[in-house]
Amino acid sequence: MADTITADMIIHDVVSRYPATVKVFHGHGLPCTACAVGSRESVAQGARTHRFTPEKLDQIVKDLNAVINGEPVSVAPKKAPVGRGVPLTMANSAADRKIKQVIAIMSGKGGVGKSLVTGLLAVSLRRQGQRVGVLDGDITGPSIARMFGTKGQPTKSPNGGIEPLVSKGGIKIMSMNMFLERESDPVVWRGPMVSSAIKQFYSDVDWGELDYLLVDLPPGTSDAPMTVMQALPVDGVVIVSSPQMLATMIVMKCINMVRQLKGLIVGVVENMAYFETPNGERYEIFGPSNGTELVSMTGAPLLGHLPIDPSLTTLCDSGRVEEYYAEAYEELAGNFVNTLKIKR
Ligand SMILES: Nc1ncnc2c1ncn2[C@@H]1O[C@H](COP(=O)(O)OP(=O)(O)OP(=O)(O)O)[C@@H](O)[C@H]1O
Ligand SMILES: [Mg+2]
């Protein structure tokens, strides 16, 4: 792109290349078109949509060029609403962020309890008074909405975004499930469509102010989780594993993927680590813990060592995950918050 902005340039390209222009768009009353992710209109088309006169369009273009050259502009450049419409990476400072931390939950292997850990971590954080959202990044195999028992379809929010559904405990949730007519309907989408849905879940949803947005990733280290990781401004990753050699080997793939994407591993969670009988006897059903090994492999702390609890299955299946309470999850949430404090 040349260093002159013209009216026929696509807004997305302009704001991606010159983040400072977001404020000019906003100053001129083009809030939705300053959406770097969603908007594919040209500056002129955006102005037309908002019924601006050709003179006003000229002024916008003039100001866009002024701001990239460090010259004064004709409008007070308002701050862009970070958290919806503008990716976090474009925020000026941490203080500008409406969503303070975007954390992805990942596992190399399916079925180790990623979604469950995401859900229960959200519940514990919420109990501690944090403002929490859960973005179900598993577009083709969504499970978060069911776990929380959120019913109905998301509505339009007053400022034109999508209103997330809110759980009984006050956790904001967005999941592909909410858009399916029947929960059992398959979502047979390929990578690019999944990617654009994820971006919309992030940018077009009115998350409001959040301390944590937890993103439940699809299983594996292939295309699907990669798409999500690259579509969102993820601040850190929590890796979920279970105590099996195979799982350890697969965790290494996870770690390598995060490293390749230059991401930060916040910590590791060992799920299904043991089963405790009512008399307090512990059985390591899936083999001895490999927590220490995980710590040395990742260089990140072991945030949680979670037991197998059969009551969880019933609660999750009936949408009552928020009724669950166990010390191990409160500890997990505490460690998570403290680790992020240190890393920041
Ligand atoms: N600690 C646990 N105790 C009892 N049941 C558990 C535990 N962890 C997970 N489960 C159960 O195991 C099943 C798989 O868990 P979950 O869906 O969270 O895994 P996942 O890693 O998200 O799977 P996928 O890779 O398919 O997304 C669920 O039925 C869940 O309720
Ligand atoms: Mg899952």
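For reference, positions follow the sequence shown, starting with 1. All of these numbers come straight from a predicted model, not from anything done at the bench. As the structure lists them, so they are numbered: ligands from 1, and atoms in each ligand from 1.
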S.K.: Taking distance alone, with N or O pairs closer than 3.5 Å, would you say D309 contacts ligand 1?
M.R.: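 Yes, at least one N or O pair falls under 3.5 Å.
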S.K.: Among all residues two or more places apart in sequence or in another chain, which pass the ring pair (Phe, Tyr, Trp, His ring centres under 6.0 Å) test with Y329?
M.R.: Y324
S.K.: Counting only heavy atoms on the protein side, is anything nearer than 4.0 Å to atom 11 (C) of ligand 1?
M.R.: no
S.K.: Is any N or O atom of P219, backbone or side chain, closer than 3.5 Å to an N or O atom of ligand 1?
M.R.: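 So ligand 1 has no N or O lying under 3.5 Å from an N or O of P219.
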S.K.: Under 4.0 Å between a Lys/Arg side-chain N and an Asp/Glu carboxylate O for E209 and R131?
M.R.: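 A salt bridge links E209 with R131.
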S.K.: Taking G169's backbone N and O only, do any of them form a donor-acceptor pair with R126's side chain (distance below 3.5 Å, no angle check)?
M.R.: yes
S.K.: Quick one: does D216 get an N or O within less than 3.5 Å of an N or O on ligand 1?
M.R.: no
S.K.: So is K109 polar-close to ligand 1, meaning N/O to N/O under 3.5 Å?
M.R.: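 Looking only at distances, the answer is no, because the N/O contact criterion of under 3.5 Å is not met.
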S.K.: With a cut-off of 4.0 Å, which atoms of ligand 1 are near a heavy atom of M272?
M.R.: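 Those of ligand 1 that fall under 4.0 Å from M272 are 8 (N), 9 (C).
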S.K.: Which residues pass the side-chain contact (heavy atoms from CB on, under 4.5 Å) test with T155, sequence neighbours left out?
M.R.: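 For T155, the residues satisfying side-chain contact (heavy atoms from CB on, under 4.5 Å) (neighbours in sequence not counted) are E163.
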S.K.: Polar contacts were defined as any N/O atom of the residue lying under 3.5 Å from an N/O atom of the ligand; does this apply to L312 and ligand 1?
M.R.: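 It does not: no N or O of L312 is found under 3.5 Å from an N or O of ligand 1.
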S.K.: Taking only heavy atoms of G110, which atoms of ligand 1 are found under 4.0 Å from at least one of them?
M.R.: 25 (O)
S.K.: How many protein N, O or S atoms sit closer than 2.8 Å to the Mg ion (ligand 2)?
M.R.: 1
S.K.: Under 3.5 Å, N or O to N or O, is S143 touching ligand 1 that way?
M.R.: no
S.K.: Please list all pairs meeting ring-ring contact (aromatic ring centres under 6.0 Å, His included) that have one or both residues in residues 273-302, counting only residues at least two apart or in different chains.
M.R.: Y274-H305
S.K.: Using a strict 4.0 Å threshold on nitrogen-to-oxygen distance, state whether D3 and R17 make a salt bridge.
M.R.: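 Yes, D3 and R17 are salt-bridged.
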S.K.: What is the closest protein heavy atom to atom 30 (C) of ligand 1, and at what distance does it sit?
M.R.: L116 CD1, 4.5 Å
S.K.: What about P307: any of its N or O atoms under 3.5 Å from an N or O on ligand 1?
M.R.: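 Yes, there is a polar N/O contact under 3.5 Å.
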S.K.: Considering heavy atoms of the protein only, find what lies nearest to atom 26 (O) of ligand 1 and give residue, atom and distance to 0.1 Å.
M.R.: G111 N, 3.9 Å
